[in-house]
Enquirer: 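Have a look at this one before I ask anything.
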Amino acid sequence: MEEAKGLVKHVLLAKFKDEIPPDQIEQLIKGYANLVNLIEPMKSFHWGKDVSVENLHQGFTHVFESTFESTEGIAEYIGHPAHVEFANQFLPTLEKVVVIDYKPTIVHT
């Protein structure tokens, strides 16, 4: 096994508060996706809703994944004014949130 070079994933699991309407959630997701155009270290962004049949989601409904070249890039992203402004709008709409950063590991079989 080897760590992928120059790659760090930033994963956020979220459950929006029940009172947040779908159109507001859609606008928040568009705002999150736009950060990739505003913050240089953020190289890509993907998101999706839980579709698992295992029912192990613990209430989390959405996953957001961003790719960076380094942990320093994530630190720059976190402190960037565009991220701070977005987080101040986004986080209050969440009932639950978990954030994990990891370096993908390549498994050779």
Side-chain angles (χ1 to χ4, degrees):
M1 291 188 281
E2 67 181 277
E3 203 173 84
K5 301 288 186 246
L7 195 64
V8 182
K9 298 287 188 174
H10 176 77
V11 178
L12 185 148
L13 301 175
K15 179 188 186 315
F16 288 93
K17 293 177 180 174
D18 291 339
E19 64 268 19
I20 306 301
D23 60 329
Q24 184 180 353
I25 292 171
E26 183 178 330
Q27 289 306 308
L28 287 164
I29 292 170
K30 287 179 181 178
Y32 200 157
N34 190 50
L35 292 178
V36 78
N37 299 313
L38 304 174
I39 304 174
E40 193 279 327
M42 188 177 184
K43 301 304 180 191
S44 70
F45 173 81
H46 298 92
W47 77 276
K49 292 176 81 173
D50 176 59
V51 295
S52 176
V53 296
E54 295 179 291
N55 200 28
L56 297 173
H57 52 74
Q58 297 182 29
F60 292 98
T61 56
H62 291 72
V63 61
F64 303 93
E65 180 189 76
S66 305
T67 303
F68 297 83
E69 291 179 346
S70 66
T71 53
E72 293 81 10
I74 293 175
E76 184 179 334
Y77 159 82
I78 290 169
H80 192 283
H83 174 262
V84 172
E85 181 181 341
F86 174 75
N88 286 336
Q89 297 171 5
F90 184 72
L91 293 175
T93 68
L94 302 180
E95 182 178 316
K96 297 171 66 166
V97 63
V98 171
V99 176
I100 296 175
D101 299 328
Y102 73 97
K103 294 182 177 184
T105 300
I106 301 165
V107 179
H108 299 283
T109 56

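Note that these values count all heavy atoms, side chains included, but never hydrogens, waters or copies made by symmetry. Given the structure is predicted, the values throughout are model-derived calculations rather than measurements.
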Enquirer: Take the angle between the ring planes of Y32 and F90 and call it parallel below 30°, perpendicular above 60°, tilted in between.
Expert: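 Aromatic pair Y32/F90 classed perpendicular.
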Enquirer: With clusters defined by side-chain heavy atoms of hydrophobic residues (ILVMFWY) lying less than 4.5 Å apart, directly or transitively, does V63 cluster with F16?
Expert: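 No.
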Enquirer: Can you get from I25 to L35 by hopping between Ile, Leu, Val, Met, Phe, Trp and Tyr side chains that sit under 4.5 Å apart?
Expert: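 Hydrophobic grouping puts I25 with L35.
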Enquirer: Might you work through the side chain to side chain contact (heavy atoms under 4.5 Å, CB included) test for I74 and E72, ending with a clear yes or no?
Expert: CA-CA 5 Å; I74 293 175; E72 293 81 10; over 6 Å; no
Enquirer: Given side chains that start at C-beta, do those of W47 and E65 come closer than 4.5 Å, heavy atoms only?
Expert: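 Heavy-atom side-chain distance check fails, nothing below 4.5 Å.
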Enquirer: Should L7 and V11 be regarded as members of a common hydrophobic cluster, given that ILVMFWY residues are connected when their side-chain heavy atoms come within less than 4.5 Å of each other, either directly or indirectly?
Expert: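 As far as the 4.5 Å side-chain criterion goes, V11 and L7 are not connected within one cluster.
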Enquirer: Given side chains that start at C-beta, do those of N55 and H57 come closer than 4.5 Å, heavy atoms only?
Expert: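 Yes. Closest side-chain heavy atoms under 4.5 Å.
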Enquirer: Check this for me: H46, atom NE2, are more than 12 non-hydrogen atoms of other residues, nucleotides or ligands nearer than 6.0 Å?
Expert: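 No, the 6.0 Å shell around NE2 holds no more than 12 heavy atoms from other groups.
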Enquirer: Between CG of N34 and CD1 of I29, what distance do you get to the nearest 0.5 Å?
Expert: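 Rounded to the nearest 0.5 Å, the CG-CD1 separation comes to 13.5 Å.
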Enquirer: Taking all atoms of both residues into account, what is the closest heavy-atom pair of G73 and S70, and its distance?
Expert: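 Distance-wise, the nearest heavy atoms are N-OG, 2.9 Å.
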Enquirer: Heavy-atom distance under 4.5 Å between the side chains of K103 and T71, does that happen here?
Expert: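 They are in contact (side-chain heavy atoms under 4.5 Å apart), so the answer is yes.
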Enquirer: Measure across A14 and L94 and return the closest heavy-atom pair with its distance rounded to 0.1 Å.
Expert: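 What the structure gives for the nearest pair is CB-CD2, 3.8 Å.
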Enquirer: When rounded to the nearest 0.5 angstrom, what is the spacing between CD in Q58 and CG in D50?
Expert: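 Rounded to the nearest 0.5 Å, the CD-CG separation comes to 11.0 Å.
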Enquirer: Do the ring planes of H83 and Y77 sit parallel (below 30°), tilted (30 to 60°) or perpendicular (above 60°)?
Expert: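 H83 and Y77: tilted rings.
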Enquirer: Nearest 0.5 Å, what's the CE-CZ distance between M42 and F68?
Expert: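 Between atom CE of M42 and atom CZ of F68 there are 5.0 Å.
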Enquirer: In Å, rounded to the nearest 0.5 Å, how long is the span from CG of L12 to CZ of F60?
Expert: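 CZ of F60 is found 9.0 Å from CG of L12.
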Enquirer: Search all heavy atoms of L38 against all heavy atoms of A82 and return the closest pair with its distance.
Expert: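 Residues L38 and A82, closest heavy atoms: CD1-CB, 4.1 Å.
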Enquirer: Identify the two heavy atoms, one from P92 and one from A87, that lie closest to each other, and give their separation to 0.1 Å.
Expert: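 So the two residues come closest at CD-O, 3.8 Å.
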Enquirer: Rounded to the nearest 0.5 Å, what separates atom NZ in K9 from atom OG in S44?
Expert: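 The NZ atom of K9 sits 5.0 Å away from the OG atom of S44.
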Enquirer: Please report the closest heavy-atom contact between K15 and D18, naming both atoms and the distance.
Expert: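 Scanning both residues, the minimum pair turns out to be NZ-OD1, 3.2 Å.
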Enquirer: In Å and rounded to the nearest 0.5 Å, what is the NE2 to CD distance from H80 to E40?
Expert: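 Reported value, rounded in 0.5 Å steps: 9.5 Å.
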Enquirer: Quick check: is L91 connected to I39 through a chain of hydrophobic side chains (ILVMFWY, heavy atoms under 4.5 Å apart)?
Expert: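 Yes; L91 is reachable from I39 via cluster members.
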Enquirer: With the 4.5 Å side-chain cut-off for hydrophobic clustering, are L13 and I20 part of the same group?
Expert: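 No, separate clusters.
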Enquirer: Please say whether more than 12 non-hydrogen atoms of neighbouring residues, nucleotides or ligands are located less than 6.0 Å from CD in Q24.
Expert: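 Counting neighbours around CD of Q24, more than 12 heavy atoms of other residues, nucleotides or ligands fall under 6.0 Å, so yes.
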Enquirer: Looking at I100, T67, V99, which hits side-chain contact (heavy atoms from CB on, under 4.5 Å) with H10?
Expert: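 Answer to the side-chain contact (heavy atoms from CB on, under 4.5 Å) test with H10 among I100, T67, V99: V99.
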